[in-house]
Amino acid sequence: MNISNSIVEKAADATAKMTPNSVVRRVRGLSDRAIAWLFIAPAIVLLLAINIFPLIWAIYLSFTNYRANRPNAAVEGVGLRNYERVLTDPDVWQAMQTTAHFVFWTIVLQTVIGFTLAYLIDRKFRGHAFWTTIILIPMMLSPAVVGNFWRFLYEPQIGLFAYAVSWLSGIPTSDIRMLGDVSLAPWAIIIVDTWMWTPYVMLICLAGLRSIPDYIYEAAEVDRASAWRQFWSITVPMALPFIMLAILFRGIENFKMFDMVTLLTGGGPGSVTEVASITLKRAAFESWATGRASAFAIVLFVAVFGLANIYVKALNKVKQR
Amino acid sequence: MSSANSAHSVVEPSFTSKRIAGAIVILYALITLVPLVWIFLTSIKSPPDSISYPPKIVFTPSLEGYCNLLTTRTRQTPEYIASLPEPTGTCDEVTRKRNMVIAGPSNFLPRFINSLVIAFGSTFLAVLLGTMAAYGFSRFRVPLADDLLFFILSTRMMPPIAVAIPIYLMYRELGLSDTALGMILLYTAVNVSLAVWLLKGFIDEIPREYEEAAMIDGYTRLQAFRKVVLPQATTGIAATAIFCLIFAWNEYAFAALLTSGSAQTAPPFIPTIIGEGGQDWPAVAAGTTIFLIPILVFTILLRKQLLRGITFGAVRK
């Protein structure tokens, strides 16, 4: 391959040299190396400008007392004080716990329901393709717009959700205050998130199930392994890397959860649903403590990045098995 | 022989087990649809019907929600309304029944158009840059390619709010705050990482021999890319474009923090639709319905590409 490349390259260079004034020729005769950079550079430049430069700026700000609503005030370095404040702030720890609670329950529910659905769909009953598409719809929608509408569904007096639960359980609707009740509000969010994102987990699990080669089941069949045994010693372990991948993606996404919570509860009642992103938004755009918010942002990033890395290592081990 | 229940068994799943599986999946799908159907039904209810208890399933359809979504209204005395000439259209008529007159168009349409411009603009750019970079990474030996690719992916791990702080400051300096261009650039940057990853997978699958054959036939590298690789990658490019579009169409956090007026998109706008005395749910539902329809259509029309994109992304990463 390299040989043919270099032959073509030389030929192209030769053509380029013959007509040095033609811009078209020169572009055509670009070396592979130049083309590689020409192709990759725009994306990298954009990412540097919109992701990396701001990230570095955020790191710098995290060591200062800068406030975005007072752009002309003198900026002073405060060393590690912002980090110290963030890490000793009980509200921050509370928000982290709330976030962890959401991440845990949404992952458990979405994995169990998503895998079950994938397992059932994989039986290829008649019409499975159509119903799979229907199930996919929620994940294509806007979490904010959907969250806003679920607020209506959750209304205790007029909402469909309260009505349905009350009809099924006999509890009066006035007691089903999903968004106003301290113990129910977190579940209100978990329910909507599960409604939206179970299809996503289902799809990845389906990809996993379809990747299991038939001959393994055939061999198990020859060995007269029971269906139950086949499920636990073939289906689950073979699909596990995919399930773990789905958990990784959902974990990262739900760690960042913001729009749905903002629209459903805004962090309330009190602060029982105040996830990390909402605390961060309050610090940055309501208290205007830009320096401290930046420190919090960096802490969050390091936390996700670190956890994701540890998780990916575990995932790779599972894959190698 | 044990009963073969597994989907992949040599023995096909039994008829009954297929039936049970189908029934459960269909039940789940129908439950999933309920909130969406309810959104649509609410959008064609009158405001009193929308908040009646028990929730009304049978009702007289009304266009009030859509009229209220698209106009701003002022309350007038019945005498004043009676003195007006004939209503000029359905909305005028519907609005007058509640003693109101139309004061002008609402902000919904401009916000919806912003959504269209920003979503399609950023999708086009992200796919363009993504395809080029993916080809670059797929076909050439790029120094530190793995590190670069991982770095590109890691930019997605930041919570949007965390990125929004410095972007907010940067955009304020550059005059990009509350501009469509600023939002297009931002969404392009967010999407380009996904685009590079997805497309690299698709382009890796196209045999290099195709290009080599083309180049031996006298094509240059760029010609081979355009005439051989691009047509082969169409499915992948389509799948990637849909994902970018869905993200940009649905994004809320950046839009809520970085736009306030002229460049605001629909997601932060819809929740702010307020009627007289509380939220005007039919109008909100109407806005939600209009906003969701393009994505619903996309999902149904392009489900194959979507499925391929999602599962492919999963396999790659």
Side-chain angles (χ1 to χ4, degrees), chain A residues 4 8 12 28 32 35-36 39-40 42-43 46-47 50-51 54 57-58 120-123 125 131 133-135 137 140-142 144-145 148-149 152-153 157-158 160 163 203-204 207 212 214 217-218 221 224 226-227 230 245 252 256 258-259 263 277 280-281 284 293-294 297 300-301 304-305, chain B residues 2-3 5-10 13 18 21-22 24-26 28-29 32 35 38-39 51 53-55 129 132-133 135-136 140 142 155 157-159 161-163 165-167 169-170 185-186 189 192 196 212 215 220-221 246 250 252-253 267 270-271 281 288 291-292 295 299 303 310-311 314:
Chain A
S4 69
V8 175
R28 281 183 176 178
D32 276 8
I35 292 175
F39 271 38
I40 294 170
L46 185 73
L47 283 167
I50 307 270
N51 273 313
W57 197 346
L120 295 174
I121 288 171
D122 200 30
R123 274 147 199 257
F125 56 88
W131 293 106
T133 311
I134 297 291
I135 291 178
I137 290 173
M140 305 298 168
L141 308 178
S142 165
V145 173
N148 180 54
F149 203 82
F152 176 61
L153 296 172
Q157 294 304 329
I158 55 174
L160 187 64
Y163 181 73
L203 270 183
I204 296 181
I212 305 174
D214 283 351
Y217 287 105
E218 282 158 21
E221 208 64 48
R224 304 197 169 187
S226 68
Q230 287 186 21
L245 216 71
I252 292 178
K256 306 192 296 190
F258 175 73
D259 29 21
L263 268 302
S277 282
L280 179 54
K281 190 229 161 188
S294 299
L300 276 182
F301 180 57
V304 192
F305 200 76
Chain B
S2 68
S3 71
N5 269 331
S6 169
H8 284 280
S9 288
V10 250
K18 272 192 176 192
I24 299 173
V25 171
I26 292 169
Y28 179 88
T32 281
W38 200 248
I39 292 175
I51 53 169
Y53 186 87
L129 298 184
M132 286 166 57
Y135 182 74
F140 304 107
V142 179
T155 54
M157 291 186 192
M158 278 288 254
I161 312 299
V163 191
I165 302 167
I167 300 258
L169 299 173
M170 190 167 95
L185 286 177
L186 179 57
V192 101
V196 171
E212 280 156 21
M215 290 193 293
T220 65
R221 191 42 101 165
I246 290 174
N250 290 336
Y252 171 80
I270 290 173
W281 286 111
T288 308
F291 182 75
L292 298 185
I295 290 294
T299 310
R303 60 184 178 278
I310 293 172
T311 46

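By convention in this document, chain letters (A, B, ...) are assigned in the order of the sequence lines, proteins followed by strands, and residues within each chain are numbered from 1.
- Of all the listed residues (A253(B), G136(B), P55(B), A162(B)), the one sharing the greatest number of non-hydrogen pairs under 4.5 Å with chain A is P55(B).
- Side-chain contact between I135(A) and V25(B): present, with at least one pair of heavy atoms (C-beta onward) separated by less than 4.5 Å.
- Of the atoms belonging to V192(B), it is side-chain heavy atoms, and not backbone ones, that fall under 4.5 Å from chain A.
- L280(A) has its side chain within reach of I165(B): a pair of non-hydrogen atoms, C-beta onward, lies under 4.5 Å apart.
- Minimum interatomic distance between L153(A) and P35(B) (heavy atoms only, all atoms of both residues): CD1-CB, 3.7 Å.
- A pairwise comparison of heavy atoms in I167(B) and P54(A) identifies CD1-CG, 4.0 Å as the closest pair.
- In terms of heavy-atom proximity, T299(B) sits nearest to T133(A) at O-CG2, 4.2 Å.
- The candidate with the highest count of non-hydrogen atom pairs below 4.5 Å against chain B, out of A297(A), A43(A), A36(A), is A36(A).
- Ranked by heavy-atom pairs under 4.5 Å with chain B, the list I252(A), L263(A), I121(A) is led by L263(A).
- Of the two parts of L186(B), the backbone and the side chain both hold a non-hydrogen atom closer than 4.5 Å to a non-hydrogen atom of chain A.
- With respect to chain A, the highest number of heavy-atom pairs below 4.5 Å among I24(B), I39(B), V142(B) belongs to I39(B).
- S142(A) places a side-chain heavy atom less than 4.5 Å from the side chain of F291(B).
- The side-chain contact (heavy atoms from CB on, under 4.5 Å) search around D259(A) returns P143(A), A144(A), Y252(B), not counting sequence neighbours.
- For I26(B), the side-chain contact (heavy atoms from CB on, under 4.5 Å) partners are W131(A), L30(B), not counting sequence neighbours.
- Closest approach of I295(B) and M140(A) over heavy atoms only: CG2-O, 3.1 Å.
- Ranking I270(B), I161(B), V196(B), L292(B) against chain A, the residue ahead of the rest is I161(B), based on heavy-atom pairs under 4.5 Å.
- Interface summary for chain B: among L141(A), N51(A), L300(A), the most heavy-atom pairs under 4.5 angstrom belong to L141(A).
- A pairwise comparison of heavy atoms in M157(B) and F301(A) identifies CB-CE1, 4.1 Å as the closest pair.
- K256(A) and M158(B) get closest at one heavy-atom pair: CD-O, 3.3 Å.
- Using a 4.5 Å cut-off on side-chain heavy atoms (C-beta onward), L185(B) and I50(A) make contact.
- By the 30° and 60° cut-offs, the orientation of the rings of W281(B) relative to F149(A) is perpendicular.
- If you measure heavy-atom distances from F152(A) to chain B, the contacts under 4.5 Å come from both the backbone and the side chain.
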